[in-house]
Amino acid sequence: MQILIIHGPNLNMLGKREPDIYGATTLEEINSSLSDKAQELGVDVTFFQSNSEGDIVSTIQDSISSCEGILINPGAYTHTSVAIRDAILSCGLPVVEVHISNVHKREDFRQKSFVSGVALGVISGFGINSYFLGLSALVDYLKENS
Ligand code: DQA
């Protein structure tokens, strides 16, 4: 079972970026721990990070034939991107949306997600554990529904 993990804009800066909100762990460290978790769960993962909305849309489109589900932290595009929402709808794959911070406790502009309404589920506010919880939930869903 193949899962695509997408990290949106500025998540390449994890570790340096607002550590009081996002913690001290780098994206490389998160991906390495996600690979270990995937191995435990018996699935394969591939990673993609981009600061570009169009590249994320293209990657979602290309994933249709190469994976069975997507775990995504859309970063700031969560709150702005109709294009990512439409790409998720058109790929037809189950998608779990994750956030390191609890976006609902933050600024008003973070209260709207264009992705949540087309996601299988959303996990927000558990620090980097949001990724592990999201991966585990997605794999459970795929195992039950394949
Ligand atoms: C984020 C929350 C977003 O509002 C923000 O723009 C990010 C990170 C999170 O993981 O908490 O870049 O997606």
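What you see is a predicted model, and the numbers here were worked out from it, not measured in a lab. Just so you know, ligand 1 is whichever comes first in the structure, and atom 1 is the first atom listed for that ligand.
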* Output, in order, the C-alpha distance, side-chain angles, deciding distance and verdict of side chain to side chain contact (heavy atoms under 4.5 Å, CB included) for Val96 and Ile72. => CA-CA 6 Å; Val96 173; Ile72 185 168; over 6 Å; no

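- Counting only heavy atoms of the protein, atom 5 (C) of ligand 1 lies nearest to Arg110 NH1, 3.3 Å.
- Residues Leu71 and Leu41 share a hydrophobic cluster, clusters being chains of Ile/Leu/Val/Met/Phe/Trp/Tyr side chains in contact below 4.5 Å.
- Side chains of Glu53 and Asn51: a donor-acceptor N/O pair is absent below 3.5 angstrom, by distance only.
- Contacts with ligand 1 closer than 4.0 Å are made by heavy atoms of both the backbone and the side chain of His99.
- Leu11 and Tyr131 get closest at one heavy-atom pair: CD1-OH, 4.1 Å.
- The shortest N/O to N/O separation between Arg106 and ligand 1 does not fall below 3.5 Å.
- Annotation for ligand 1: atoms under 4.0 Å from non-hydrogen atoms of Tyr22 are 5 (C), 7 (C), 8 (C), 9 (C), 11 (O).
- By the criterion of a heavy-atom distance under 4.0 Å, neither the backbone nor the side chain of Glu97 is placed next to ligand 1.
- Considering backbone and side-chain N/O of Val98, none are found under 3.5 Å from N/O of ligand 1.
- Using modelled atom types and a 3.5 Å distance limit, the side chains of Tyr22 and His99 yield no donor-acceptor pair.
- Heavy atoms of Ile100 found under 4.0 angstrom from ligand 1 belong to the backbone as well as the side chain.
- Residue Ser101 has at least one heavy-atom neighbour below 4.0 Å for each of these atoms of ligand 1: 2 (C), 9 (C), 11 (O).
- Here Glu68 contributes atom CD and Lys143 contributes atom NZ; the two are 11.5 Å apart, rounded to the nearest 0.5 Å.
- Counted by atom type alone, Glu97 and Ser113 present one or more donor-acceptor pairs between their side chains at under 3.5 Å.
- Not a single heavy atom of Thr78 sits under 4.0 Å from any atom of ligand 1.
- Close approach to His79 involves these atoms of ligand 1, each under 4.0 Å from a residue heavy atom: 3 (C), 4 (O).
- Across every non-hydrogen atom of Pro9 and Ile56, the tightest pair is CD-CD1, 4.3 Å.
- If you number the atoms of ligand 1 from 1 as listed, the ones under 4.0 Å from a heavy atom of Val103 come out as 2 (C), 4 (O).
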